[in-house]
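Below: one structure, written as structure tokens.
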Amino acid sequence: MTEDNFSSKQTRFTPIPKTEAELLNRCEIMAGQTLGQIAFKLSMTVPEDLRLHKGWVGHLCENYLGANAGDRAEPDFLDIGVELKTLPVDAHEKPKESTYVCTMPIRQIDAYSWQNSWVKRKLSRVLWVPVEAARDIPLAERYVDNFWIWRPSFAEECSLQRDWEELMDRIVLGEQAEITSQEGEYLHIRPKAANSLVLVRGMSNGHTSAFIIPKGFYLRTSFTGPLLHQSLYN
DNA sequence: CTATGATCATGA
DNA sequence: TCATGATCATAG
């Protein structure tokens with residue numbers, strides 16, 4: 001630990017939580033505040049809207065809670081192995097968007113198994129933080145709702161594993177280019193790039209090298225919706 | 001360039 | 001209305 005006693009993101013405000021309890025205490029303080037109130041405490045400015053700042057809410061929460069993984073392919077809270085996900089919710093308390101998990105493997109497809117997968121690792125312990133996201137509420141006035149820590153149940157993990165294995169089979173067969181977002185009941189694969197002109201070398205038509213758009217794994221709202229619903233009635 | 005954080009915008 | 005495909009910012 002050098003200067004790592006604080007979050008690496010733009011502000012140095014929150015100590016890195018060392019235990020799950022510390023993290024949850026911090027969440028308790030954050031929940032029930034508006035994004036504007038939280039931003040003020042962090043000396044962060046609230047953008048007009050999210051069009052040019054799509055990751056702003058996530059970064060705001062990382063900052064306030066003291067996440068320390070930076071942009072590493074690791075859980076946000078390294079010391080306690082917790083991944084933070086903000087969840088945009090509409091006026092009916094339903095997730096408004098799918099949830100990004102990680103990038104689709106493009107080269108390192110070696111020795112793949114669900115148990116060792118990036119998806120499973122990232123989703124093994126998630127701190128869900130619902131945030132109001134209705135467009136008609138000004139960004140600064142949107143409230144952070146009640147958070148919860150989630151570990152996949154046996155059934156939930158089975159569902160994810162089934163989707164993941166199906167998708168990975170396609171990848172192993174050299175069909176990265178052909179995968180569409182229609183595949184996968186709860187976990188699916190969609191483009192994840194700056195724009196559609198960004199291309200990387202991948203596989204198409206069964207092991208034919210081709211330039212394809214980078215893609216990522218996402219959780220559908222049909223998966224996160226029930227999680228949110230359960231959390232509200234606990 | 002690849003990872004992080006996601007939401008936007010449009011057609012069906 | 002909503003899911004799919006497209007897109008935006010930024011760090012290292």
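In the text below, chain A, chain B and the rest are named by the order of the sequence lines, each starting its count at 1.
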What is the nucleic acid contact for A/Thr99, judged by heavy atoms within less than 4.0 Å: base, sugar-phosphate only, or nothing?
nothing

When A/Arg190 and A/Trp118 are each assigned the nearest nucleotide of DNA chain B, the 5'-most assignment goes to A/Trp118

Is a donor-acceptor contact shorter than 3.5 angstrom present between the side chain of A/Tyr218 and the base of B/dA6?
yes

Toward the 5' end of DNA chain C, which comes first, A/Ala194 or A/Lys94, by nearest nucleotide?
A/Lys94

Return the value, rounded to whole Å, for the distance between atom NZ of A/Lys215 and atom P of B/dA3.
15 Å

A/Tyr100 and A/Val119: same hydrophobic cluster, using ILVMFWY side-chain contacts below 4.5 Å?
no

Drop me the distance from A/Arg125's CZ to A/Ile80's CD1, to the nearest 0.5 angstrom.
6.5 Å

Any donor-acceptor N or O pair under 3.5 Å, side chains A/Thr180, A/Gln182:
yes

Mind checking if A/Ala193 touches a base, just sugar-phosphate, or nothing, with heavy atoms under 4.0 Å?
base

Return whichever of A/His188 or A/Lys54 has its heavy-atom-nearest nucleotide of DNA chain C closer to the 5' end.
A/His188

Nearest 0.5 Å, please: how far is OH in A/Tyr218 from CZ in A/Arg190?
5.0 Å

Side chain of A/Val200, heavy atoms from C-beta onward: which of B/dT2, C/dG5, B/dA6 has the nearest atom to it?
B/dT2

Please determine whether the number of non-hydrogen atoms from other residues, nucleotides or ligands lying under 6.0 Å from atom NE2 of A/His92 exceeds 12.
no

Using a cut-off of strictly less than 4.0 Å, decide whether A/Tyr100 has a side-chain nitrogen or oxygen near OP1 or OP2 of B/dT4.
yes

Would A/Gln230 and A/Trp148 count as having a side-chain donor-acceptor pair, cut-off 3.5 Å?
no

When the distance from CE of A/Met104 to P of B/dT2 is rounded to whole Å, what number comes out?
12 Å

Any donor-acceptor pair under 3.5 Å joining the side chain of A/Lys96 to the base of B/dT7?
no

If I take atom CD in residue A/Glu97 and atom C1' in nucleotide C/dG5, what distance separates them, rounded to the nearest angstrom?
12 Å

Atom CH2 of A/Trp56 and atom C1' of B/dG5 are separated, to the nearest Å, by 13 Å

What is the nucleic acid contact for A/Gly55, judged by heavy atoms within less than 4.0 Å: base, sugar-phosphate only, or nothing?
base

Tell me the interatomic distance from A/Asp90, atom CG, to C/dC2, atom P, rounded to whole angstroms.
8 Å

Report the distance from atom CD of A/Glu62 to atom P of C/dA11, rounded to the nearest whole Å.
13 Å

Side-chain donor or acceptor of A/Lys192 under 3.5 Å from a matching atom on the base of B/dG5?
yes

Determine the contact category for A/Glu183: base if any of its heavy atoms lies under 4.0 Å from a base atom, sugar-phosphate if only primed atoms, P, OP1 or OP2 are that close, otherwise nothing.
nothing

Would you say B/dT2 has OP1 or OP2 under 4.0 Å from some side-chain N or O of A/Thr103?
no

Does A/Thr221 put a side-chain nitrogen or oxygen below 4.0 Å from OP1 or OP2 of C/dC2?
no

Classify the nucleic acid contact of A/Pro88 as base, sugar-phosphate or nothing, counting any heavy atom under 4.0 Å across all strands shown.
sugar-phosphate

Is A/Arg220 close enough to C/dT4 that one of its side-chain N or O atoms is under 4.0 Å from OP1 or OP2 there?
yes

Quickly work out the A/Asp49 CG to C/dT7 P distance and round it to whole Å.
18 Å

Just N and O in the side chain of A/Arg51: are any of them under 4.0 Å from OP1 or OP2 of B/dA6?
no

Just checking A/Lys122: base, sugar-phosphate only, or nothing, at a heavy-atom cut-off of under 4.0 Å?
sugar-phosphate

In whole angstrom, what separates A/Phe223's CZ from C/dC2's C1'?
20 Å

